[in-house]
Amino acid sequence: MRKFWNVQNKVLRLVLLALFTAAIAVTTAYLSIPNGFGGYIHLGDGIIFMSAMLLGPAGAISAGVGSGLADLLVGYGMYAPVTLVIKCIMGLLVGCFYSRKGNAMSFLVNIGLFILAEVVMVVGYFGYEVILYGFEGALAGVPANAIQAVAGIAIGAVFTPFVKKIKL
């Protein structure tokens with residue numbers, strides 16, 4: 001990972017960031033399934049993990065911007081600013097840990113990292129929704145976010161072995 005960022009090819013870096021941003025936006029906004037609790041399951045969090053594993057901390061940019069764009073695309077504009085922050089934190093968390101340990105991290109450590117990132121997501125949205133809807137209203141949104149978190153962890157787990165084989 002570090003070797004990639006030492007390369008002077010800024011165009012390649014920008015292209016990869018743009019591709020991941022677009023992939024996160026599209027998979028979050030348009031490849032989603034309602035989960036029955038007022039939320040939806042999408043591939044976006046799995047792509048966030050993939051982006052962070054490949055791009056390191058810079059993956060946070062594609063995570064936040066892509067997810068924020070998805071909120072705007074599907075009509076949840078009031079969530080876009082907080083989504084940008086929450087998903088950036090998720091991408092930064094995974095990207096920082098992965099850029100330090102890389103392929104040396106075991107599959108279970110990767111899953112633990114994904115769980116930690118998804119806890120950030122659930123807690124972050126809960127905090128925002130407390131402001132919007134009060135404690136009870138925010139509590140009602142936790143199951144939907146938890147289901148999305150489990151889906152994100154599962155999708156990240158599926159991507160992990162493939163991402164570890166990619167050499168940038």
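The structure presented is a predicted model; accordingly, all values stated were derived computationally and were not measured.
Contact record, Ala63 with Gly91: CB-CA, 4.2 Å, taken as the closest heavy-atom pair. Here the closest heavy-atom approach between residue Cys96 and residue Pro57 is recorded as SG-CG, 3.8 Å. Across Pro161 and Phe107, no two heavy atoms sit closer than the pair CD-CE1, 4.4 Å. For the pair Ser67 and Ile24, the tightest heavy-atom approach, listed with the atom from each and the gap, is OG-CG2, 3.5 Å. Here the shortest heavy-atom pairing between Ala70 and Ala25 reads CB-O, 3.6 Å. Closest heavy-atom contact between Ile155 and Gly46: CG2-CA, 3.5 Å.
Rounded to the nearest 0.5 angstrom, Leu93 CG and Phe49 CZ are separated by 9.0 Å. Distance CG/Asp45 to CE/Met50: 14.0 Å, rounded to 0.5 Å. Rounding to the nearest 0.5 Å places CD1 of Ile153 at 11.0 Å from OG1 of Thr160. Atoms CG and OG1, on Asp71 and Thr28 in that order, are 8.5 Å from each other to the nearest 0.5 Å. Expressed to the nearest 0.5 Å, how far CG of Leu116 lies from CD1 of Ile111 amounts to 13.0 Å. Going from atom CD1 of Ile48 over to atom CG of Leu92 covers 12.5 Å, rounded to the nearest 0.5 Å.
Heavy atoms from other residues, nucleotides or ligands lying under 6.0 Å from CG of Leu14 number more than 12.
At a threshold of 4.5 Å between non-hydrogen side-chain atoms, the residues Tyr98 and Leu54 do not count as touching. When side chains are defined from C-beta on, Ile33 does not count as touching Tyr40, because their heavy atoms never get closer than 4.5 Å. Side-chain contact check for Ile89 versus Val85: some heavy-atom pair is nearer than 4.5 Å. Under the 4.5 Å side-chain criterion, counting only non-hydrogen atoms from C-beta, Leu55 is in contact with Leu16.
Connection of Phe97 to Val163 is established within a shared hydrophobic cluster, with ILVMFWY side chains joined at heavy-atom distances below 4.5 Å, either directly or through further cluster members. By the criterion of side-chain heavy atoms lying less than 4.5 angstrom apart, applied directly or through intervening Ile, Leu, Val, Met, Phe, Trp or Tyr residues, Met90 is grouped together with Val142 in one hydrophobic cluster. Follow the hydrophobic side-chain contacts under 4.5 Å out from Val158 and you never reach Leu113; the two are in separate clusters. Linking Ile, Leu, Val, Met, Phe, Trp and Tyr residues whenever their side-chain heavy atoms come within less than 4.5 Å leaves Leu69 and Tyr30 in two separate clusters. Taking hydrophobic clusters as Ile, Leu, Val, Met, Phe, Trp and Tyr residues chained together by side-chain heavy-atom distances below 4.5 Å, Val119 shares a cluster with Val94.
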*Between His42 and Leu31, does a side chain to side chain contact (heavy atoms under 4.5 Å, CB included) hold up when you go through it step by step?*
CA-CA 6 Å; His42 55 77; Leu31 297 177; over 6 Å; no
*asked:* side-chain hydrogen bond (donor to acceptor under 3.5 Å, both in side chains) for Ser62 and Ser51? Distances and angles first, verdict last.
replied: CA-CA 7 Å; Ser62 58; Ser51 171; 2.7 Å; yes
*CA sep, side-chain torsions, deciding dist, call: Ile41, Ile147, side chain to side chain contact (heavy atoms under 4.5 Å, CB included)*: CA-CA 7 Å; Ile41 297 171; Ile147 290 170; 3.6 Å; yes
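In this structure Leu84 satisfies the side-chain contact (heavy atoms from CB on, under 4.5 Å) test together with Val65, sequence neighbours excluded. Every residue was checked against the ring pair (Phe, Tyr, Trp, His ring centres under 6.0 Å) condition with Phe159, not counting sequence neighbours, and none meets it.
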Distance-only donor-acceptor pairs under 3.5 Å for side chains of residues 120-139, two or more places apart:
residue: Tyr125; atom: OH; partner: Thr83; partner atom: OG1; Å: 2.6
residue: Tyr128; atom: OH; partner: Met78; partner atom: O; Å: 2.6
residue: Glu129; atom: OE2; partner: Tyr79; partner atom: OH; Å: 2.9
residue: Tyr133; atom: OH; partner: Tyr79; partner atom: OH; Å: 3.2

